[in-house]
> 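Structure provided below as structure tokens; questions to follow.
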There are 2 protein chains.
Amino acid sequence: MNAQPLSGDQRLPIYQRLADILRRDVTEGRLRPGDRVPSDNELSHAYELSPGTVRKALDLLVQEDLFERFHGRGTFVRRPSFDASLFRFFRFRTPDGTKSVPEGRILRRTREKVPSYIARQLKIPEGDAAISMSRLRLIDDVPIVAEEIWLPLQRFEAFLDILTEDVGNLLYPVYDEVCGQLIAKAEESLTAEAASAETARLLRIETGSPVMMIDRLAKGYDGTPMEWRRSRGRADLFHYHTEIR
Amino acid sequence: MNAQPLSGDQRLPIYQRLADILRRDVTEGRLRPGDRVPSDNELSHAYELSPGTVRKALDLLVQEDLFERFHGRGTFVRRPSFDASLFRFFRFRTPDGTKSVPEGRILRRTREKVPSYIARQLKIPEGDAAISMSRLRLIDDVPIVAEEIWLPLQRFEAFLDILTEDVGNLLYPVYDEVCGQLIAKAEESLTAEAASAETARLLRIETGSPVMMIDRLAKGYDGTPMEWRRSRGRADLFHYHTEIR
DNA sequence: GAGTGGTCTAGACCACTAT
DNA sequence: TAGTGGTCTAGACCACTCT
């Protein structure tokens, strides 16, 4: 790497500006998940900064969960892996206590006119066509969560070309491989409601019994909305634990 | 402050050991919420450390939300203030949009034999006497959350001496002032259920309609369990938002 | 053994706050 | 103006990983 000047707002601290550059290297694809980031040494020479300043920038990005550092090995771009995050919420015991990815079964995949609420979330024009899916997640053939998924047609058209039977239990790797779309982060919004007849049928519970509803808007590294998803699961299996200070 | 050697496990990094000392100063009451922590300069002289190392220890404690630093003013022990945290969960609009502490109305306060589940949570002997309370939280006279509260009798006996009408809308300041018990952190556990007849009556909703149930175990700085609380609120007012990466 | 990140030093200079 | 924390330098030494 050659010496280059630090770009960005001159009024910001140097370590912030270096962090901004590296963050943009990720959002714009020059650094991909799993890639090695240049070492502290390389960076401090390339940008002519003292090692302490470089370290501070990297520490910041580690704190943001964008990078991870390994003593003696190097600094790497973290692979986001929150597809299983839904299942932080739901208790599920396997006989041997090991964790497993629940089965994902696509019940329906059609091209539909996107409802306006979802169009706003996905930031696509109202009335556009989009991909709509109904998907069931099961553990030992017991339905745990019913999902309703919407994808912008433009980015995900290729997804319609593969057989739903060939889609595995995780969608995000397929989005990456088939459509070149990387999911990096998401917002989740959680509430509870009484089960509709349709939800009750899918989850094999009584109509009107309490279900948890989790809306997720998944985004790329640059914040572009990619996927909207509404998940409904049996409240009696739901359990969220948090520490507050 | 005079020079003193760093105690603690010699194999740990120095900044960790300094952080441990300061953390213990808080848990053991030598530093109280709102107190000023000795300045970077004072600490680096007292422990004969370089300023960078002291800063690293303090940064760690800031990250833990134990301290807060103000440029030009100093470093201070943060005042924990999560009594309002329940109301991160519940939507409530005031006409003018300002946030207000919801009303807290104590409906019952009695001395009871503690149920064994709660005894285990509070780490007190099964069968001990404890303080039991029923409390309703309201906004504009509309009940939002019904609470069931248990306190260990030993620490909170003085709480029985004050009139329930004199207890304000926040309990934790009263615990501090009347019983000398400081709440520092808590664990919360969240699920949903169908409203019982009793819960429905308190919240003025239909029996069987979905309610959110939030269990909280509040603890002191040293981790001693202080208060167990179960809150139930209308699911239609409940809304939890989070970002995942 | 070469390269990596983790810890630590001993300062300098600056921006902010209080008085 | 004195004291505080925030930024930054220019190293040293160590522990860990890879080959």
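To find a chain, count down the sequence lines: A is the first, B the second, and so on, and within it residues start at 1.
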> Under 4.5 Å between any side-chain heavy atoms of A/M212 and A/H239, yes or no?
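No, their side chains stay 4.5 Å or more apart.
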> Report the nucleotide, chosen from C/dT9, D/dT7, C/dT4, that has the shortest atom-to-atom distance to any side-chain atom of B/L49.
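Looking only at heavy atoms from C-beta outward on B/L49, the closest nucleotide is C/dT9.
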> State which of D/dG5, D/dC8, C/dG5 makes the closest approach to the side chain of A/S39.
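Nearest nucleotide to the side chain: C/dG5.
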> Assess whether a salt bridge exists between B/E227 and B/K219, defined as any Lys/Arg side-chain N lying under 4.0 Å from an Asp/Glu carboxylate O.
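No salt bridge links B/E227 with B/K219.
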> Assess whether a salt bridge exists between A/R23 and A/D222, defined as any Lys/Arg side-chain N lying under 4.0 Å from an Asp/Glu carboxylate O.
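A salt bridge is absent here (no side-chain N lies under 4.0 Å from a carboxylate O).
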> Starting at atom CZ of A/F70, determine the distance to atom C1' of D/dT17, rounded to an integer number of angstrom.
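Rounded to the whole Å, the gap is 12 Å.
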> If I take atom CZ in residue B/R55 and atom P in nucleotide D/dT4, what distance separates them, rounded to the nearest angstrom?
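Result: 14 Å.
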> Starting from P on C/dT7, measure out to CZ on B/R11 and report it in whole angstrom.
16 Å
> Out of C/dT9, C/dG6, D/dC8, which has the shortest distance to the side chain of B/S50?
C/dT9
> Output the rounded distance in Å from CG (A/D40) to P (C/dC8).
17 Å
> Return the nearest nucleotide to the side chain of A/R73; candidates are C/dG6, D/dT17, D/dT9.
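Of C/dG6, D/dT17, D/dT9, D/dT17 is nearest to the side chain of A/R73.
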> Closest approach to the side chain of A/T53, judged atom by atom: which nucleotide of C/dT7, D/dT9, D/dG6 is it?
D/dT9
> Between C/dG6 atom C1' and B/K56 atom NZ, what is the distance in whole Å?
6 Å
> For D/dT7, take OP1 and OP2 only and decide whether either is under 4.0 Å from a side-chain N or O of A/Y15.
yes
> For B/N41 and for A/G72, locate the closest nucleotide of DNA chain D by heavy-atom distance; then report the residue assigned to the nucleotide nearer the 5' terminus.
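Residue closer to the 5' terminus by nearest nucleotide: B/N41.
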> Between C/dT4 atom C1' and A/R69 atom CZ, what is the distance in whole Å?
9 Å
> Would A/R78 and A/E68 pass as an ion pair if we require N to O under 4.0 Å?
no
> Looking only at side-chain atoms of B/P51, point me to the closest of D/dG6, C/dG5, C/dA10.
C/dA10
> Please determine whether a side-chain nitrogen of the Lys or Arg among B/R137 and B/E147 lies less than 4.0 Å from a carboxylate oxygen of the Asp or Glu.
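Yes, B/R137 and B/E147 are salt-bridged.
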> Measure from OH on A/Y47 to P on D/dT9 and round the result to the nearest Å.
15 Å
> Nearest-Å distance, CG (A/L43) to C1' (C/dG3)?
14 Å
> Taking the minimum atom-to-atom distance to the side chain of B/I14, which one of D/dT9, C/dT9, C/dG5 wins?
C/dT9
